[in-house]
J.: 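Next up is a structure, given as C-alpha cells.
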2 protein chains.
Amino acid sequence: MKTITKRSGCPVSFSLDFLGDKWTLLILRDMVLSDKNSYGDFLASNERIATNILADRLNTLEQYGFIIKRVSPEKKNKFLFSLTEKGIELVPILMELTIWGSKYNPPGNEKLLKALADDKVGTILKLQQKLRNAIP
Amino acid sequence: MKTITKRSGCPVSFSLDFLGDKWTLLILRDMVLSDKNSYGDFLASNERIATNILADRLNTLEQYGFIIKRVSPEKKNKFLFSLTEKGIELVPILMELTIWGSKYNPPGNEKLLKALADDKVGTILKLQQKLRNAIP
DNA sequence: ATTTTTACTTGCATTTTGCAAGCAAACAAA
DNA sequence: TTTGTTTGCTTGCAAAATGCAAGTAAAAAT
C-alpha cells in the first residue's frame, strides 16, 4: 500500500505524481505498443527493469486503477494485466513522448510515426480501441 | 556535468531518460504556462521544489539544450531562462499531461482546457509562438 | 518425483531526494 | 560608504528510492 501525495492542484503536477519516474510509463508503453501483459513480458524489455521495481510499479498501477490484474485462464501461476479506461487515456501522452523522442533520437518507430503524422487522432483512437477490446 | 545514460533505442525511453522524474516537467510547465523565467520564479511554485534540486535540474536542462541561461540586462545578479526549440517542442507532452490530469483531478486549468478542446493544434502552436518570441 | 516456469520477496549497497543552513556577488538604502 | 537585501546558489547530513543478487514459493511440465 503505497501512498502517493498530491503536491498541488495543478493537472501536470497531478499526472507526474503517478507517472513521474523512469519506469511507470515504460510498462504502459509495453502494454500499448507491444501487447505485453505479464510480469515476464515486462521484465524482458530492453531497458532491464529490476524485479523489485517492476513488482512495486505493477502494484501501484493496480492500486490506483490504471491496470487490472487477473489469473491467466490457462496457467494458474501466471497473471495477466490489462489497462483500465484510466490507463487507456494515457495513450496520447505516450504518443507525444514517442514523437518527441523520435525527433531527438531518430529513427524511432517509423511505422507508428508515419501513422501519427498522417492521422494522429485516428491512430490514437485505433490503439485505444484495441486496448478496450482486451479488457476482460 | 551530469551524464544521462540512454537505456535503449526506444523513443519513449529516450524521452524519459531526460523527463522521467517528478520535477523537470514542472519547471518547463512554469515556463510554458506561467511565463516564469528565473530561479526565484520556479522556487515560488506551489509544489515547493528544494533549492539543490532546482539548481541541478536547471543545470541539466541547460547542459542538454532544453533551455538557455543568460544574465538579466537590468540586474547582473539575476539570470533569465528561456526555452530552446528542443524545449519548445515538449509543449504537446505538457498539454496531454494537462488534459489527463484535469480529467482525473478536476477542474484543472479550465480556460486552457477549453482552448485545447476547441482547437488543440492551434492552442499548442500559439503557446509555441509565444515561447519562440521569447528566445533572445 | 524432479525440474522448470512464473512471480515475486529480501537484504544490502548505492544513488537520489529532501531539508536546513551557509555563502557570495550584485544591488539598494541609510 | 557602510550596511542590509536580493538573488542564486552550495554544502552537509538524514531519509527515501533504486539497483543488484540471491532466495522463496506455487503451479506446471517432464
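Bear in mind that the values here come from a model prediction, so they are computed numbers and not experimental data. Per chain, numbering begins at 1; letters A, B, ... match sequence-line order.
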J.: How far apart are the closest heavy atoms of L16(B) and D21(A), and which atoms are they?
T.: CD2-O, 4.5 Å
J.: To the nearest 0.5 Å, how far apart are CD in E62(A) and CD1 in I68(A)?
T.: 8.5 Å
J.: Return the set of residues passing ring-ring contact (aromatic ring centres under 6.0 Å, His included) with F18(B) (not counting sequence neighbours), or none when no residue passes.
T.: F14(B), Y64(B), F66(B)
J.: Sequence neighbours excluded, which residues qualify as side chain to side chain contact (heavy atoms under 4.5 Å, CB included) partners of A134(A)?
T.: none
J.: With the sugar-phosphate defined as primed atoms, P, OP1 and OP2, and the base as all remaining atoms, what B/S/- string results for nucleotides 24-30 of chain C, 5' to 3', for protein heavy atoms under 4.0 Å?
T.: --BS---
J.: Report the residues that fulfil side chain to side chain contact (heavy atoms under 4.5 Å, CB included) with A44(B), sequence neighbours left out, ordered by chain and then residue number.
T.: none
J.: Under the side-chain hydrogen bond (donor to acceptor under 3.5 Å, both in side chains) rule, collect the residues that match up with D30(B), sequence neighbours excluded.
T.: S45(B)
J.: Reading DNA chain D 5' to 3', which nucleotide is the first, and which the last, to come under 4.0 Å of any heavy atom in chain B?
T.: dT6(D) to dG12(D)
J.: For DNA chain C, determine which residues of residues 6-42 of chain A have any heavy atom closer than 4.0 angstrom to one of its atoms, and list them numerically.
T.: S38(A), Y39(A), G40(A)
J.: Quick one: which residue pairs count as a side chain to side chain donor-acceptor pair (under 3.5 Å) with a foot in residues 91-102 of chain B, not counting sequence neighbours?
T.: E96(B)-K120(B)
J.: How would you list, by chain and number, every residue that makes a side chain to side chain contact (heavy atoms under 4.5 Å, CB included) with D56(A), sequence neighbours excluded?
T.: K2(A), T60(A)
J.: Measure all distances between protein nitrogen or oxygen atoms and nitrogen or oxygen atoms of nucleotides 11-16 of chain C, and list the pairs falling under 3.5 Å.
T.:
none

J.: Please give me the minimum heavy-atom distance between L127(A) and V32(A), naming the atom from each residue.
T.: CD2-O, 3.8 Å
J.: For the pair E47(B) and R29(B), find out whether any cationic side-chain nitrogen is under 4.0 Å from an anionic carboxylate oxygen.
T.: yes
J.: Is there a residue in residues 58-72 of chain B whose heavy atoms reach under 4.0 Å of DNA chain D, and which residues are they?
T.: K69(B)
J.: Given the ring of F81(A), does K69(A) sit roughly above its face, with NZ or CZ under 6.0 Å from the centre of the six-membered ring and within 45° of the axis?
T.: no
J.: Scan for salt bridge (Lys or Arg N to Asp or Glu O under 4.0 Å) pairs involving residues 124-136 of chain A, sequence neighbours excluded, and state none if there are none.
T.: D35(A)-K130(A), E85(A)-R132(A)
J.: Given atom CG of L54(A) and atom P of dC8(C), what is their separation to the nearest angstrom?
T.: 8 Å
J.: Which atoms form the tightest heavy-atom contact between I135(A) and L83(A), and what is the distance?
T.: CG1-O, 3.4 Å
J.: Are the side chain of R7(A) and the backbone of K22(B) linked by a donor-acceptor contact shorter than 3.5 Å?
T.: yes
J.: On a heavy-atom basis, which atom in K86(B) and which in Y104(A) lie closest, and how many Å separate them?
T.: CA-OH, 3.3 Å
